[in-house]
Number of protein chains: 2
Amino acid sequence: MARKPRQKRAKETVNAIIEAGFIAMAEHGPAATTTRQIADIAGVGVGSLYEYFDNKEQIFQVMAERFVADTIALIQPLVPTLVRKPIRDAVRELLQQFKEFLQQNDARYLKCARHAMTLGFEEHLEPLQKTLQELVTQYLMHHPETLTIRNIPTMSYIMINGGIFAVVRHLSEPAPPIDFDELVEGLANMIGHYTEQEMALIERQGAESS
Amino acid sequence: MARKPRQKRAKETVNAIIEAGFIAMAEHGPAATTTRQIADIAGVGVGSLYEYFDNKEQIFQVMAERFVADTIALIQPLVPTLVRKPIRDAVRELLQQFKEFLQQNDARYLKCARHAMTLGFEEHLEPLQKTLQELVTQYLMHHPETLTIRNIPTMSYIMINGGIFAVVRHLSEPAPPIDFDELVEGLANMIGHYTEQEMALIERQGAESS
DNA sequence: TATTTTTTCCGAATTGTATCCGAACAAGCA
DNA sequence: TGCTTGTTCGGATACAATTCGGAAAAAATA
């Protein structure tokens with residue numbers, strides 16, 4: 001950011017630009033959005049973009065940051081509720097909420113997530129991953145019997161990344177081969193089965209050694 | 001493609017352009033690759049790009065097609081071997097091969113996969129998905145006891161998409177929280193556990209109803 | 001309030017990139 | 001060889017990104 005907005009008016013301008021970025025991007029895709037489009041939608045002159053952003057790329061960066069921040073803001077308050085539920089219910093709940101979140105405002109965020117890579121999304125993804133890790137940790141602490149599961153970091157890595165992508169990809173597909181609800185159910189089952197299987201294994205081992 | 005190359009010389013030109021596309025893209029990322037860069041690397045004039053491609057975008061499209069085709073060419077011959085292995089071994093083998101494939105040629109394909117969305121990769125992904133579905137189907141046929149698993153389409157959707165993404169993301173991360181081998185092991189376990197758990201369930205049901 | 005200083009906004013001018021096009025060159029063919 | 005078709009090229013054109021200098025608005029000062 002070339003300069004920081006000091007006055008309220010300027011902050012509104014910055015905000016309008018970011019909003020306009022989402023709108024333009026949702027409509028034309030990232031490659032085809034021009035600075036003029038963004039400026040027009042935001043109702044500001046083209047020059048104003050460069051008052052607060054070094055270049056077009058940086059507008060996208062900030063958009064990605066905001067998207068991640070909003071996603072985290074969605075998840076954080078759900079944590080206390082989720083950790084008390086059975087694993088399958090927790091997964092279902094989380095994914096349904098995430099779906100609704102992505103589809104707000106004409107699915108603006110969904111379209112953003114589709115082009116996530118373009119936006120250098122990856123660099124900004126870390127906080128979200130951390131939040132989800134935290135959710136997993138909290139969940140495990142509320143269900144002490146699950147703490148015996150092996151390779152928890154690896155498995156949560158897989159579930160988090162695989163889960164995010166499977167959902168985003170599904171919501172992006174024009175004619176998905178399966179329903180969203182089936183997908184959610186599948187993910188819930190996958191995770192549910194895994195934990196159950198692991199716990200059964202542990203129990204068996206415990207029985208052996210006793 | 002505006003025109004088809006008829007002479008050998010022209011085919012070489014087209015090929016050089018596509019190769020140059022991969023090199024330029026791996027070096028600068030998709031947003032920052034210019035037509036001049038591609039032309040220079042390919043050793044042709046800028047004008048030549050437009051003899052066989054309608055625009056820069058289409059070069060990327062063709063690159064994506066080639067990437068998918070090459071991936072399929074990697075997987076196809078592995079199928080007969082994979083279907084005879086235990087599920088965990090099959091997953092391990094497939095992923096190790098895929099990793100090596102992505103890291104050929106200075107990890108050119110890996111960098112391509114990172115920016116997959118940008119390239120309109122999704123549209124071209126279908127054949128790959130189909131191939132993997134076919135692999136799953138073949139596998140199931142060679143292990144008839146697994147055919148009783150419920151929701152096979154959903155679960156293979158999740159495993160295929162989640163698996164591809166988890167691997168690509170992992171290989172892209174500068175400092176991944178887990179080893180690649182751990183990731184592979186985790187995926188193998190996830191899939192292994194799931195099938196085992198499902199089969200245990202089925203068996204129990206069978207016992208009940210008899 | 002009048003004046004000065006700071007912040008914000010703008011859009012024409014500049015710069016760079018994608019794309020087009022017609023001349024020049026090479027290949028196939030009679 | 002002369003003719004036709006395919007191929008290559010790089011300057012010309014069009015359009016998008018970015019810059020810049022000054023006008024307008026807001027804040028600070030007196």
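The shortest side-chain heavy-atom distance between E19(A) and R66(A) falls under the 4.5 Å cut-off. Two residues are said to be in side-chain contact when any heavy atoms from C-beta on lie closer than 4.5 Å; E185(B) and R88(B) fail this criterion.
Out of dC9(C), dG11(C), dA17(D), the shortest distance to the side chain of V46(A) is found at dG11(C). Closest contact between the side chain of N55(A) and the listed nucleotides dT18(D), dT8(C), dC10(C) involves dT18(D). Nearest to the side chain of R3(B), among dG21(D), dT7(D), dT18(D), sits dT7(D).
Between the side chain of Q7(A) and the base of dC9(C), no donor-acceptor pair under 3.5 Å is found.
In this structure, NZ of K8(A) is placed 17 Å from P of dA25(D), rounded to the nearest angstrom. Atom CZ in R6(B) sits roughly 12 Å away from atom P in dC29(C) (whole-Å rounding). In this structure, E12(A) atom CD and dA26(D) atom P are separated by 11 Å, rounded to whole Å. In this structure, Q58(B) places its CD atom 16 Å from P of dA18(C), rounding to the nearest Å. For the pair K56(A) NZ and dT17(C) P, the computed distance is 13 Å after rounding to whole Å. As rounded to whole Å, 13 Å separates atom C1' of dA17(D) from atom CD of Q37(A). Rounding to whole angstrom units, CZ of residue F53(A) and C1' of dA17(D) are separated by 15 Å. Look at CD on E57(B): it is 9 Å from P on dT19(C), rounded to the nearest Å.
Tested against Q197(A), the residues E198(B), E196(B), H193(B) include a single side chain to side chain donor-acceptor pair (under 3.5 Å) partner, E196(B).
The aromatic rings of Y109(A) and F101(A) lie tilted to each other, with the angle between the two planes from 30° to 60°.
In terms of position along DNA chain C, the nucleotide closest to R36(B) lies nearer the 5' end than the nucleotide closest to the other residue of the pair R36(B) and R9(B). Taking for each of T35(B) and T13(A) the nucleotide of DNA chain C with the nearest heavy atom, the 5'-most of the two is the partner of T13(A). Position along DNA chain D of the nearest nucleotide to T33(A) versus S48(A) favours T33(A) as the more 5'-ward residue.
Looking only at distances, no side-chain donor or acceptor of Y52(B) sits under 3.5 Å from a matching main-chain atom of K11(B).
Taking 4.0 angstrom as the limit, T34(A) places none of its side-chain polar atoms (N or O) nearer than this to OP1 or OP2 of dA16(D). Side-chain N/O atoms of Y50(B) include one lying less than 4.0 angstrom from OP1 or OP2 on dT19(C).
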